[in-house]
Amino acid sequence: KKFGKMIAYFIDEVGNLERAIDTLLWMSSHGMPADRFTYTRVISACSCKYKLQSAILVFEDMQKAGVAADIFVFTALINACARAEDLDRAMDIFLNMCTKGFAPTNEVYNALIDACDKCRNGNTASEVFEHMCEQGVPRDVFTYTSLISAMGNCGRWEDALSLFHRMVHVEGVTPNIITYSVVISACHKGSQTERALELFDEMLSRGILPNTIVYSSTISACAMSGAWKEALRLFDAMDANHVAKDRIVYNSAISACAKGRQLSKALDIFAGMKAANIEPSEYTYSSLMAACAKVGDWQVAVSLYDDMQS
RNA sequence: CAGCGCGAUAAGCAG
C-alpha cells in the first residue's frame with residue numbers, strides 16, 4: 001500500500017515515470033504486486049508521455065503477477081494506443097478485452113473512436129460508433145466530439161455536420177466548447193466558411209465563451225474562402241473579449257490575410273506578434289512568404305527570409 | 001476485520 005502511494009507520488013509530484021515503473025516492477029518481482037489502481041495509474045501516465053511500449057510492458061507485468069485487469073485498465077491501454085497512433089493494437093486490445101468477457105463501456109468506445117481519429121481512419125470510426133449504438137451503449141459529448149473530429153480529419157464535413165445535428169437534436173447531448181472547436185475545424189477543412197461562422201454564433205447564443213482554440217479554428221475557416229475581413233474582425237474581437245492570443249491564432253490570422261492577398265495586413269499582424277513577444281514559427285514565415293508570392297513582392301519575401309535566419 | 005477514499009476517454013495554424 002505504501003509502495004503504491006510512492007508510485008503515485010513519483011508520477012504526480014516528481015514526474016518521474018521511469019522510477020514509478022521501476023518501483024512497480026520491483027514490487028511484482030518481490031512477490032507483492034501493486035493493486036489494479038496503481039497499475040492503471042502507471043499505464044495512464046505512460047499514455048500521457050506517449051510511451052505505448054512501456055504501457056504494454058506494465059500491462060504484461062500485471063498479467064504475469066496475476067493481478068486481475070478491469071475495464072479501467074483496458075480503457076487506459078486503448079488510450080495509450082490512441083496517443084501512439086496505433087489503431088491496430090487498439091483493436092487487438094479491444095477484442096482481447098471482449099473475449100475476456102468485459103462488456104465495453106462508453107469510455108472504452110470513446111477511447112477507440114479517438115484512436116480512429118488520431119489515425120485518420122473515419123470509416124473505422126463510423127463502424128465503431130454504429131457498433132456502439134447497436135450494443136445500446138450510451139453516447140455522450142466525448143463520443144460525438146471524437147467522432148466529429150474523425151469525420152473532419154478525413155474531409156467528411158457533411159457527416160461531421162449531420163452527426164452534430166444528431167447529437168444535439170436526436171440524442172439530446174449538449175455540445176461544449178471542444179465540440180464546437182472540432183465541428184468548426186471540420187468546416188475549415190471542408191472550406192465551409194459560412195457554416196463555421198453560423199456555428200460560432202450558435203455557440204455564443206448557448207452562452208459558451210470562445211477561447212483561443214475556437215477563435216483560431218473559426219479564423220482558419222474564414223481563410224478558406226478569402227474572408228479575410230471576417231477573420232480580422234474575429235481576431236480583433238479577441239482583445240475586446242480578453243482572450244489571450246497565442247502563436248497558432250496569430251498564424252491563422254496571417255494565413256487568412258495571405259489567402260486574401262492582403263500582404264500589408266499580414267505584416268501588421270506579424271509586427272503585433274513580435275510586439276507581443278510571441279516567437280514566429282515556420283508556419284508564420286511560410287504564410288507571410290505565400291502572401292508575398294500572391295502579390296508578387298519578392299523584396300519583402302527576401303527580407304522575411306533574412307529575418308527568419310537571424 | 002470492516003467501512004471509506006484512490007485509477008480510465010475528446011479540440012486549433014502554413015507551404
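Note on naming: letters A, B, ... go to the chains in the order of the sequence lines (proteins, then strands), and numbering restarts at 1 for each one. Not measured: the values here are computed from a predicted model.
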- Just how far is it from atom CZ of R233(A) to atom CH2 of W228(A), taken to the nearest 0.5 Å? 13.5 Å
- Measure from the side chain of I248(A), starting at C-beta and using heavy atoms only, and say which of A11(B), C13(B), U9(B) lies closest. C13(B)
- What nucleotide among G7(B), A8(B), A11(B) has an atom nearest to a side-chain atom of K118(A)? A11(B)
- Query: What about N176(A), does its side chain sit under 3.5 Å from the base of A10(B) through a donor-acceptor pair?
  - Reply: yes
- Can you find a donor-acceptor N/O pair under 3.5 angstrom joining the side chain of S146(A) to the base of A10(B)? no
- Task: Please determine, for the side chain of T40(A), which listed nucleotide (A11(B), C13(B), A8(B)) has the closest atom?
- Result: A8(B)
- Query: Under 4.0 angstrom, heavy atoms only, what part of the nucleic acid is S281(A) near: base, sugar-phosphate, or nothing?
  - Reply: nothing
- From the candidates A14(B), U9(B), G12(B), the one with an atom nearest any side-chain atom of E282(A) is A14(B)
- Query: Quick one: is A11(B) close enough that its OP1 or OP2 comes under 4.0 Å of any side-chain N or O from H188(A)?
  - Reply: no
- Message: Can you tell me how far apart CG (L267(A)) and CE (M273(A)) are? Round to the nearest 0.5 Å.
- Response: 13.0 Å
- In Å, rounded to the nearest 0.5 Å, how long is the span from CZ of F129(A) to OH of Y144(A)? 3.5 Å
- Message: Could you walk me through whether M289(A) and V300(A) satisfy the side-chain contact (heavy atoms from CB on, under 4.5 Å) test, starting with their C-alpha distance in whole Å, then the side-chain angles of each, then the deciding distance to 0.1 Å, before giving a yes or no?
- Response: CA-CA 8 Å; M289(A) 290 178 193; V300(A) 172; over 6 Å; no
- Message: Is there a side-chain contact between K294(A) and the phosphate of G15(B), meaning an N or O under 4.0 Å from OP1 or OP2?
- Response: no
- Task: Identify whether any heavy atom of D246(A) sits under 4.0 Å from a base atom; if not, whether one sits that close to sugar-phosphate; answer base, sugar-phosphate or nothing.
- Result: base
- Message: Classify the ring geometry of Y285(A) against F270(A): parallel below 30°, tilted from 30° to 60°, perpendicular beyond 60°.
- Response: perpendicular
- With a 4.0 Å cut-off on heavy atoms, is K259(A) in touch with a base, just the backbone sugar-phosphate, or nothing at all? sugar-phosphate
- On a plain distance test, is the side chain of S287(A) in donor-acceptor contact with the base of A14(B) below 3.5 Å? no
- Any stacking of F72(A) on G7(B), going by centres under 5.5 angstrom and planes within less than 30 degrees? yes
- Item | Presence of donor-acceptor pair under 3.5 Å, side chain of S217(A) and base of G12(B) | no
- Message: Measuring from the side chain of T145(A) (C-beta onward, heavy atoms only), which nucleotide among C6(B), A10(B), C13(B) has the closest atom?
- Response: A10(B)
- Per atom distances to the V73(A) side chain, the nearest of A10(B), G7(B), A11(B) is G7(B)
- Message: Quick check: any donor-acceptor pair below 3.5 Å linking the side-chain of S255(A) to the base of A14(B)?
- Response: no
- Touch class at under 4.0 angstrom, heavy-atom based, for R247(A) against every strand present: nothing
- Query: Taking the side chain of A76(A) as heavy atoms from C-beta outward, which of C13(B), A8(B), C6(B) is closest to it?
  - Reply: A8(B)
- Query: Just checking D70(A): base, sugar-phosphate only, or nothing, at a heavy-atom cut-off of under 4.0 Å?
  - Reply: base
- Considering only heavy side-chain atoms of N251(A), the closest of C13(B), G15(B), A11(B) is C13(B)
